[in-house]
S.K.: 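This is the structure I have questions about; it appears just below.
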Amino acid sequence: MEPTPQELLADLYGYDEDAHFDTTQLLEGLVYRMSPTRLDKLIAAVEATGDPAVDLATVTALLTHNH
């Protein structure tokens with residue numbers, strides 16, 4: 001069974017609530033684990049926040065919202 005986006009992100013962030021990743025790190029970490037369309041939407045949503053780097057909670061919320 002395919003891991004959920006939340007599980008992928010938790011794995012990528014190492015469950016570190018204080019970690020902040022930029023779009024390059026997110027792309028590199030998720031490129032082989034998420035469909036390209038979904039990843040593109042996520043990266044666009046992250047870029048739309050205006051933050052250079054986002055935390056786990058933000059990225060999870062964006063992913064669930066832009067599903």
Side-chain angles (χ1 to χ4, degrees):
M1 192 167 123
E2 190 176 306
T4 66
Q6 289 81 1
E7 289 170 334
L8 288 174
L9 290 170
D11 188 41
L12 178 65
Y13 275 79
Y15 296 90
D16 182 354
E17 297 289 329
D18 296 324
H20 285 66
F21 283 8
D22 63 25
T23 50
T24 304
Q25 291 169 304
L26 290 170
L27 270 171
E28 289 172 354
L30 298 171
V31 70
Y32 299 112
R33 306 179 73 182
M34 191 180 281
S35 75
T37 306
R38 193 154 193 207
L39 186 54
D40 286 347
K41 286 182 183 176
L42 173 63
I43 296 302
V46 168
E47 288 175 342
T49 67
D51 289 333
V54 290
D55 60 15
L56 178 57
T58 302
V59 116
T60 303
L62 289 172
L63 192 57
T64 349
H65 183 71
N66 293 296
H67 194 33

S.K.: Give every donor-acceptor pair under 3.5 Å between a side-chain atom in residues 29-37 and any protein atom, sequence neighbours left out.
M.R.:
residue : atom : partner : partner atom : Å
Arg33   : NH1  : Asp11   : OD2          : 2.9
Arg33   : NH2  : Asp11   : OD2          : 3.1
Ser35   : OG   : Arg38   : N            : 3.2

S.K.: Could you give the distance from CG (Leu39) to CG (Leu26), rounded to the nearest 0.5 Å?
M.R.: 8.0 Å

S.K.: Restricting to pairs with a member in residues 18-31, which pass salt bridge (charged side-chain N to carboxylate O under 4.0 Å, His left out), not counting sequence neighbours?
M.R.: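 Sorted result for residues 18-31: empty, none.
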
S.K.: Return all side-chain donor-acceptor pairs below 3.5 angstrom for residues 48-56, not counting sequence neighbours, or 'none' if the list is empty.
M.R.:
residue : atom : partner : partner atom : Å
Thr49   : OG1  : Val46   : O            : 2.6
Thr49   : OG1  : Asp51   : N            : 3.2
Asp55   : OD1  : Thr58   : N            : 2.8
Asp55   : OD1  : Thr58   : OG1          : 2.6

S.K.: Measure across Gln25 and His20 and return the closest heavy-atom pair with its distance rounded to 0.1 Å.
M.R.: OE1-O, 4.0 Å

S.K.: How many angstroms lie between atom OG1 of Thr60 and atom CG of Leu9, to the nearest 0.5 angstrom?
M.R.: 5.0 Å

S.K.: Hey, mind stepping through Phe21 and Val59 against side chain to side chain contact (heavy atoms under 4.5 Å, CB included) and telling me if it holds?
M.R.: CA-CA 9 Å; Phe21 283 8; Val59 116; over 6 Å; no

